[in-house]
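Step one of this worksheet: look at the structure below.
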Amino acid sequence: MAATGAAALTFTNTSNSLMQLSTEPTMRGRVMALRVGVALGGTPIGAPIVGWVADHLGPRWALGVGAASGLAAVIVAMLFLANGRTPAGRSPPSLPEGSSEASAA
(Lines give C-alpha, C1' and ligand atoms only; values in the text may rest on other atoms or scores of the structure.)
Protein backbone atom coordinates (compact mmCIF):
# COMPACT_ATOMS: atom_id res chain seq x y z
CA MET A 1 0.00 0.00 0.00
CA ALA A 2 2.84 2.38 0.79
CA ALA A 3 4.48 1.64 -2.57
CA THR A 4 1.23 2.42 -4.39
CA GLY A 5 0.89 5.70 -2.51
CA ALA A 6 4.50 6.64 -3.26
CA ALA A 7 4.01 5.79 -6.94
CA ALA A 8 0.79 7.85 -7.11
CA LEU A 9 2.49 10.86 -5.50
CA THR A 10 5.47 10.56 -7.82
CA PHE A 11 3.21 10.36 -10.87
CA THR A 12 1.11 13.33 -9.77
CA ASN A 13 4.09 15.53 -8.97
CA THR A 14 5.92 14.58 -12.16
CA SER A 15 2.91 15.20 -14.40
CA ASN A 16 2.23 18.54 -12.70
CA SER A 17 5.84 19.63 -13.19
CA LEU A 18 5.94 18.52 -16.83
CA MET A 19 2.70 20.29 -17.65
CA GLN A 20 3.82 23.51 -16.01
CA LEU A 21 7.22 23.45 -17.68
CA SER A 22 5.88 22.62 -21.14
CA THR A 23 3.22 25.33 -21.36
CA GLU A 24 3.64 28.98 -22.10
CA PRO A 25 3.61 31.11 -18.95
CA THR A 26 0.54 33.05 -20.11
CA MET A 27 -1.44 29.82 -20.57
CA ARG A 28 -0.16 27.90 -17.53
CA GLY A 29 -3.11 28.65 -15.26
CA ARG A 30 -5.64 27.66 -17.89
CA VAL A 31 -3.84 24.43 -18.70
CA MET A 32 -3.57 23.44 -15.05
CA ALA A 33 -7.25 24.26 -14.50
CA LEU A 34 -8.17 21.96 -17.39
CA ARG A 35 -5.92 19.22 -15.99
CA VAL A 36 -7.56 19.38 -12.57
CA GLY A 37 -11.01 19.52 -14.17
CA VAL A 38 -10.33 16.39 -16.20
CA ALA A 39 -8.71 14.54 -13.30
CA LEU A 40 -11.47 15.34 -10.82
CA GLY A 41 -14.28 15.42 -13.35
CA GLY A 42 -13.64 11.88 -14.52
CA THR A 43 -14.56 10.37 -11.16
CA PRO A 44 -18.29 11.17 -11.30
CA ILE A 45 -18.43 9.54 -14.73
CA GLY A 46 -16.34 6.43 -14.10
CA ALA A 47 -17.22 5.63 -10.49
CA PRO A 48 -20.89 4.75 -11.10
CA ILE A 49 -19.95 2.59 -14.07
CA VAL A 50 -17.31 0.68 -12.13
CA GLY A 51 -19.68 0.43 -9.15
CA TRP A 52 -22.38 -1.09 -11.33
CA VAL A 53 -19.89 -3.57 -12.79
CA ALA A 54 -18.72 -4.50 -9.28
CA ASP A 55 -22.30 -5.06 -8.09
CA HIS A 56 -23.31 -7.18 -11.06
CA LEU A 57 -20.10 -8.96 -12.10
CA GLY A 58 -17.84 -8.73 -9.05
CA PRO A 59 -14.77 -6.78 -7.98
CA ARG A 60 -12.39 -8.54 -10.37
CA TRP A 61 -14.38 -7.35 -13.35
CA ALA A 62 -14.54 -3.86 -11.88
CA LEU A 63 -10.74 -3.76 -11.65
CA GLY A 64 -10.58 -5.08 -15.21
CA VAL A 65 -12.89 -2.33 -16.46
CA GLY A 66 -10.71 0.29 -14.74
CA ALA A 67 -7.56 -1.21 -16.24
CA ALA A 68 -9.16 -1.45 -19.68
CA SER A 69 -10.16 2.21 -19.60
CA GLY A 70 -6.59 3.21 -18.73
CA LEU A 71 -5.23 1.01 -21.50
CA ALA A 72 -7.71 2.53 -23.95
CA ALA A 73 -6.54 6.02 -23.00
CA VAL A 74 -2.92 5.02 -23.61
CA ILE A 75 -3.78 3.55 -27.02
CA VAL A 76 -5.66 6.70 -28.04
CA ALA A 77 -2.71 8.87 -26.95
CA MET A 78 -0.23 6.66 -28.83
CA LEU A 79 -2.30 6.78 -32.02
CA PHE A 80 -2.65 10.54 -31.66
CA LEU A 81 1.10 11.00 -31.28
CA ALA A 82 1.97 8.40 -33.96
CA ASN A 83 0.13 10.49 -36.55
CA GLY A 84 2.49 13.37 -35.80
CA ARG A 85 -0.17 15.43 -34.09
CA THR A 86 0.25 17.17 -30.79
CA PRO A 87 -2.37 18.68 -28.52
CA ALA A 88 -3.74 22.04 -29.68
CA GLY A 89 -1.88 21.77 -32.99
CA ARG A 90 1.44 22.75 -31.43
CA SER A 91 4.62 21.50 -33.05
CA PRO A 92 6.65 18.99 -31.03
CA PRO A 93 9.30 20.53 -28.79
CA SER A 94 12.66 20.95 -30.47
CA LEU A 95 15.94 19.92 -28.94
CA PRO A 96 18.43 22.53 -27.75
CA GLU A 97 21.00 23.64 -30.34
CA GLY A 98 24.07 21.94 -28.82
CA SER A 99 22.55 18.55 -27.94
CA SER A 100 23.87 15.36 -29.53
CA GLU A 101 20.42 14.31 -30.83
CA ALA A 102 19.92 17.68 -32.55
CA SER A 103 23.23 17.43 -34.40
CA ALA A 104 22.53 13.83 -35.46
CA ALA A 105 19.16 14.78 -37.05
| Can Thr23 and Arg30 be counted as having a side-chain donor-acceptor contact under 3.5 angstrom? |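 There is no such pair between these side chains.
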
According to a hydrophobic-cluster definition based on side-chain heavy atoms being under 4.5 Å apart (Ile, Leu, Val, Met, Phe, Trp, Tyr only), do [X] and [Y] belong together?
X: Met32; Y: Val36; answer: no
X: Val53; Y: Leu63; answer: no
X: Met27; Y: Leu21; answer: no
X: Leu57; Y: Val50; answer: yes

| query | Rounded to the nearest 0.5 Å, how far apart are CE of Met19 and OG1 of Thr14? | reply |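 Between atom CE of Met19 and atom OG1 of Thr14 there are 13.0 Å.
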
| field | Pairwise ring pair (Phe, Tyr, Trp, His ring centres under 6.0 Å) hits with a residue in residues 28-53, at least two apart | value |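 Listed once each, the pairs are Trp52-His56.
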
| field | Heavy-atom side-chain proximity of Gln20 to Val31 below 4.5 angstrom | value |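 Contact flag for Gln20/Val31 side chains = no.
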
| field | Minimum-distance pair of heavy atoms, taken over all atoms of Gly41 and Pro44 | value |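 Heavy atoms of Gly41 and Pro44 come nearest at O-CD, 3.2 Å.
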
| query | Which pair of heavy atoms, one from Thr43 and one from Pro48, lies closest together, and at what distance? | reply |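 Minimum heavy-atom contact is O-CD, 4.0 Å.
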
| message | Test your reading of the model: is there a side-chain donor-acceptor pair from Thr12 to the backbone of Leu9, 3.5 Å cut-off? | response |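 It does not hold such a pair.
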
